[in-house]
Amino acid sequence: MPHSEIVQKTRRERAPRLDNKTRREQIAQAALDLVSTRGYRALTVKRLAAKVGLTPSGLYRHFPDKAAILDAILELVADALHGNVQRALSAEGDSLDKLAALLRMQVHVIGVRGFGAPRFFFSDDLSMRHPEKQIRLREIMEEFTDAVARIMAQGQEQGLIRTDISASKLGIMFLGLFQPGALMNYLHRGEFDMQGQADASWRLFAAGLIAKGVDAPALYPEA
């Protein structure tokens, strides 16, 4: 057996023992990284197993097939979005402070965990081969924008946010504060200044969002 294969085999055999939930999340994140950087067709059981230090048979103990791995990627995205929303709701301050906190967390997650996620989300292979996964992705994004809309509605009730545009439309507009930056970050292979872009987008968005006489919080107060 060639030396390189022996090393790879040894690394798989020495993979640290993790509880099932942690291991599944690790595999899902590795799968997202793989699809994001190399494309949908690069996601094979053999390649993914090697990436997380398992044998293919070991990977099958966690996921029976590729469709199940895609489901795990989608739920990883859903959990990240839901977690960010919950943390933003728990943040101190009014609705504008919570929106700023949510945007900061979105920028952080994209920058740290998924700079190539747009390649997965808009993959023709995903939509053509697994249309049900695209439907689930749409549901996830609608859940997120609905949650943002509820924060917007609270701000409208508090007199902080203009009321001539519906909260639901404002919730969708919020996506525009980080999605263009996410795309540019992907094109720049994770080296794009997402914080700077998000800060500029927030200042412009907030200027049109807030009610007359209200001051919007800075996105990055320390900057």
Side-chain angles (χ1 to χ4, degrees), residues 1-16 18 20-84 106-145 175-176 178-192 194:
M1 180 182 294
H3 177 70
S4 60
E5 292 184 17
I6 294 174
V7 171
Q8 187 178 38
K9 183 175 185 293
T10 302
R11 285 175 178 171
R12 287 198 299 264
E13 291 173 347
R14 293 178 180 175
L18 301 172
N20 188 58
K21 181 176 184 297
T22 302
R23 177 64 81 183
R24 286 175 61 86
E25 290 175 351
Q26 179 199 45
I27 295 170
Q29 181 62 53
L32 176 58
D33 293 343
L34 197 56
V35 174
S36 297
T37 56
R38 301 185 59 178
Y40 173 85
R41 295 180 186 181
L43 181 59
T44 65
V45 169
K46 182 178 179 181
R47 188 174 284 122
L48 180 58
K51 189 174 177 66
V52 295
L54 293 174
T55 61
S57 60
L59 188 68
Y60 279 124
R61 284 198 291 270
H62 298 280
F63 297 102
D65 52 34
K66 190 171 181 177
I69 295 171
L70 293 175
D71 286 335
I73 293 176
L74 290 171
E75 295 317 308
L76 184 74
V77 172
D79 289 346
L81 291 175
H82 178 73
N84 282 351
Q106 284 300 112
V107 170
H108 175 74
V109 166
I110 293 169
V112 172
R113 296 182 59 187
F115 78 83
R119 184 170 183 174
F120 171 69
F121 294 156
F122 301 112
S123 166
D124 286 339
D125 285 312
L126 180 68
S127 60
M128 297 298 291
R129 295 169 183 262
H130 301 278
E132 75 283 1
K133 310 303 182 192
Q134 190 176 53
I135 292 172
R136 175 57 184 142
L137 177 59
R138 185 186 68 198
E139 293 172 348
I140 290 169
M141 296 311 300
E142 287 176 346
E143 290 167 4
F144 178 75
T145 55
L175 295 177
F178 59 87
Q179 283 193 335
L183 176 59
M184 292 303 294
N185 199 42
Y186 164 63
L187 295 175
H188 285 266
R189 308 293 295 175
E191 298 299 325
F192 183 71
M194 284 200 63

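The model shown is predicted, which means the values in this text are computed figures rather than measured ones.
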- Query: Taking 4.0 angstrom as the limit, do Lys21 and Glu25 come out as a salt bridge?
  - Reply: yes
I need the [X] [atom1] to [Y] [atom2] distance, nearest 0.5 Å.
{"X": "Ile110", "Y": "Met194", "atom1": "CD1", "atom2": "CE", "answer": "4.0 Å"}
{"X": "Leu74", "Y": "Ile69", "atom1": "CG", "atom2": "CD1", "answer": "12.5 Å"}
{"X": "Ile27", "Y": "Leu76", "atom1": "CD1", "atom2": "CG", "answer": "12.0 Å"}
{"X": "Leu59", "Y": "Leu48", "atom1": "CG", "atom2": "CG", "answer": "5.0 Å"}
{"X": "Met184", "Y": "Gln179", "atom1": "CE", "atom2": "CD", "answer": "14.5 Å"}
{"X": "Lys51", "Y": "Leu34", "atom1": "NZ", "atom2": "CG", "answer": "6.0 Å"}

Residue pair [X] / [Y], side-chain heavy-atom distance below 4.5 Å:
{"X": "Leu54", "Y": "Arg61", "value": "no"}
{"X": "Arg24", "Y": "Asn20", "value": "yes"}
{"X": "Glu132", "Y": "His130", "value": "yes"}
{"X": "Gln29", "Y": "Leu32", "value": "yes"}
{"X": "Phe144", "Y": "Glu139", "value": "no"}
{"X": "Ile140", "Y": "His82", "value": "no"}
{"X": "Arg47", "Y": "Arg38", "value": "yes"}
{"X": "Ile73", "Y": "Leu70", "value": "yes"}

- Item | Check: Lys66 side chain, Leu43 main-chain N or O, donor-acceptor pair, under 3.5 Å | yes
- Minimal non-hydrogen separation, Pro56 against Ala49, with atom names: N-CB, 3.8 Å
- Note on the structure: Closest heavy-atom pair, Phe63 versus Ala68, reported as atoms and distance to 0.1 Å, is CD2-O, 3.7 Å
- Passes side chain to side chain contact (heavy atoms under 4.5 Å, CB included), Leu81 versus Glu143? Steps please. CA-CA 9 Å; Leu81 291 175; Glu143 290 167 4; over 6 Å; no
